Amino acid sequence: MNTYRRGWTLRRRVLALLAVVGVLLIGLAVAEAVVAAKNRAYTDALLTRTGPLRVQGQEMLNALLDQETGIRGYAVSGNRADLAPYEQGVQQERDVAATIADLSRDYPAVAAALRTAQQQAADWRRTVAEPVIATTGSSGTAAGQALITAQARQQFDEIRASVGDLQTAILTEREKGARDIERTGNMLVMLLIVAAVVVVLAGTLMLLSLERMVIRPLTGLAQQVREVAAGDYQHHIAGSGPPEFRRLADDVDVMRQKIAKDLAEVRAARENIEWVNSQLQKQAEELTRSNRDLEQFAYVASHDLQEPLRKVASFCQLLQRRYAGQLDERADQYIAFAVDGAQRMQRLINDLLAFSRIGRLTTGFVDVDLNKVMGDVASQTEPGRQYADAELTWGELPVIRGEEPLLTNLLVNLVSNSVKFRRPDVAPKVRVSARLVGDEWEITCQDNGIGIEAEFADKIFVIFQRLHAKDAYPGTGIGLAIVKKIVEYHGGRVWVDTDQAEGTAIRFTLPARPEDVEAAKVAAEADAAAADGDTDAPADGQSPATTDDAAPGPVGETVDEAGPAARPTPVGRQPDGTQDEDPPGGPPGHGTTGGTKERVG
């Protein structure tokens with residue numbers, strides 16, 4: 001039995017204790033309710049029955065005395081008016097008797113005493129009062145007084161005694177009711193005391209049980225946990241008390257074992273990490289040394305390698321100019337190969353140097369107006385655009401934080417690529433636009449060229465990655481790699497939009513300035529308010545500005561490039577060019593087919 005009770009859960013023990021206490025309190029409450037009902041009934045009887053009965057008993061005696069007084073007065077005076085107290089006393093006696101009979105339904109002794117008093121009063125009226133009234137009226141006062149004898153007075157005294165017995169019976173019932181009230185009141189007090197004792201005992205038992213079943217086991221468990229937390233991870237945690245606490249101790253011990261195991265693994269991993277860190281430190285030192293060597297190589301490449309290449313290229317060009325047409329056709333071809341190889345080698349070295357300097361030689365970020373940058377881009381790409389009769393337009397571009405030379409190089413590479421990879425017999429059209437997406441500017445360079453297959457969209461940004469033979473489209477294969485490195489250096493990303501139906505769209509992002517983002521949010525809220533009917537016209541009477549597809553708009557807004565804003569406004573056109581020497585890298589025999597077209601939206 002003890003083993004079974006030790007196996008009881010804490011909830012079961014608490015519920016059992018509460019059930020016992022609840023049953024006791026409910027029983028006490030029921031008993032108190034019964035006793036209180038009886039006490040109230042006794043009190044009601046005392047106040048509404050025995051009290052009025054006592055008053056009515058006195059009224060009965062007064063009515064009988066009035067009857068005797070009226071008979072004596074009439075016997076002395078013979079005046080019929082003196083019988084009024086007698087007649088009123090008879091009527092009052094009947095009313096009082098009816099009231100007493102009604103109030104004494106639950107009191108047999110009182111009812112019996114009332115009947116006795118009524119019977120004696122009726123006998124007195126029959127044997128004394130009525131003969132006196134008749135004799136006085138017929139024979140005179142002397143004859144009437146002669147009937148009021150000592151026996152008649154004794155008979156009335158017996159009536160008084162009966163009324164006294166009635167009052168005694170009423171007083172007895174009243175005292176009995178008072179004793180019942182006192183007894184039930186004492187019982188109520190005792191029941192309340194018992195209930196209080198039960199509550200106190202239950203509370204004491206609950207506290208002792210909590211001390212033994214909850215506080216002590218939890219204190220012991222907490223002490224063991226503190227020992228483990230202090231570093232003794234091998235300390236076994238044993239539980240005590242109810243089954244819940246023993247299971248809790250087992251769970252905590254399982255957790256301790258897992259922590260100890262993980263800690264051992266962490267220590268081993270830390271030792272491994274320390275060894276790896278030492279190796280990484282050595283590799284970092286090696287990389288630092290290697291970077292210094294690379295910088296030295298870059299210096300050598302930019303000075304020592306350039307000089308021999310310039311000499312080779314210069315003398316090959318001299319040979320080509322002086323002996324062109326004097327030797328055989330194969331010799332001219334060899335000289336042309338030598339000149340082209342030397343020039344390509346120079347361009348390759350220059351592009352590699354430019355690629356290596358990105359992010360290493362920095363002038364610091366400043367506010368750069370891309371509209372001004374596009375003006376420089378138009379100037380730098382003018383020869384190639386004149387040769388291809390290319391049209392370059394751009395919309396309203398933002399001001400961003402960056403390095404102006406790098407951003408100029410970025411856009412020059414994109415525009416040059418768009419002009420170079422054109423379709424035969426189709427005048428190239430290149431457009432640069434921008435829009436605000438979130439907290440970034442998304443800038444697009446769109447052309448109507450040959451396009452890029454989706455499968456090659458990622459490969460074109462890899463250094464030296466070419467999709468065409470160098471004879472078809474000249475170049476070193478570094479331009480888009482430089483574009484990617486410049487964009488990432490400025491915290492953006494670059495990709496090819498493969499959803500274009502015609503041509504190529506290369507998009508890249510650059511972080512927007514906080515004030516531009518905030519202005520876009522304000523504009524978006526104003527547009528939303530205008531759409532809801534809050535405003536009918538722009539403030540200050542200004543007309544709504546026609547914006548380009550690149551104009552700053554609400555965050556994340558996609559501007560339709562087919563709308564009126566996307567149609568650039570011509571600001572100038574260069575005169576048509578004349579036949580001139582082939583531009584650098586241009587195929588021989590091609591002349592200029594049109595002038596440069598620059599348009600700003």
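Computed from a predicted model, the values in this text were never measured in an experiment. In what follows, every heavy atom counts, from backbone to side chain, and hydrogens, waters and symmetry copies are set aside.
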Got a sec, which residues hit salt bridge (Lys or Arg N to Asp or Glu O under 4.0 Å) with [X], two or more places apart in sequence or on another chain?
{"X": "Arg153", "result": "none"}
{"X": "Asp165", "result": "none"}
{"X": "Asp44", "result": "none"}

Quick one: which residue pairs count as a salt bridge (Lys or Arg N to Asp or Glu O under 4.0 Å) with a foot in [range], not counting sequence neighbours?
{"range": "residues 172-187", "value": "Asp180-Arg183"}
{"range": "residues 49-60", "value": "Arg49-Asp106"}
{"range": "residues 188-206", "value": "none"}
{"range": "residues 261-274", "value": "Lys258-Asp262"}

Can you check side chain to side chain contact (heavy atoms under 4.5 Å, CB included) on Arg401 and Asp367, steps first, answer last? CA-CA 5 Å; Arg401 296 283 297 175; Asp367 285 344; 2.8 Å; yes
Using atom types as modelled and distance alone, determine if a side-chain donor or acceptor of [X] lies under 3.5 Å from a backbone N or O of [Y].
{"X": "Thr509", "Y": "Arg493", "value": "yes"}
{"X": "Thr184", "Y": "Ile181", "value": "yes"}
{"X": "Gln92", "Y": "Ala63", "value": "no"}

Partner residues of Gln91 under the side-chain hydrogen bond (donor to acceptor under 3.5 Å, both in side chains) criterion, sequence neighbours left out: Asp95
side-chain hydrogen bond (donor to acceptor under 3.5 Å, both in side chains) partners for Ser139, two or more places apart: none
Determine all donor-acceptor pairs shorter than 3.5 Å in which one atom belongs to a side chain in residues 112-119; sequence neighbours excluded.
from	atom 1	to	atom 2	distance (Å)
Thr116	OG1	Ala112	O	3.0
Gln119	NE2	Asp123	OD1	3.2

Set of ring-ring contact (aromatic ring centres under 6.0 Å, His included) partners for Tyr86, sequence neighbours left out: none
So, Asp253 and Gln257: side-chain donor and acceptor under 3.5 Å apart, yes or no? yes
What ring-ring contact (aromatic ring centres under 6.0 Å, His included) pairs are there with at least one residue in residues 131-160, not counting sequence neighbours? Trp124-Phe156
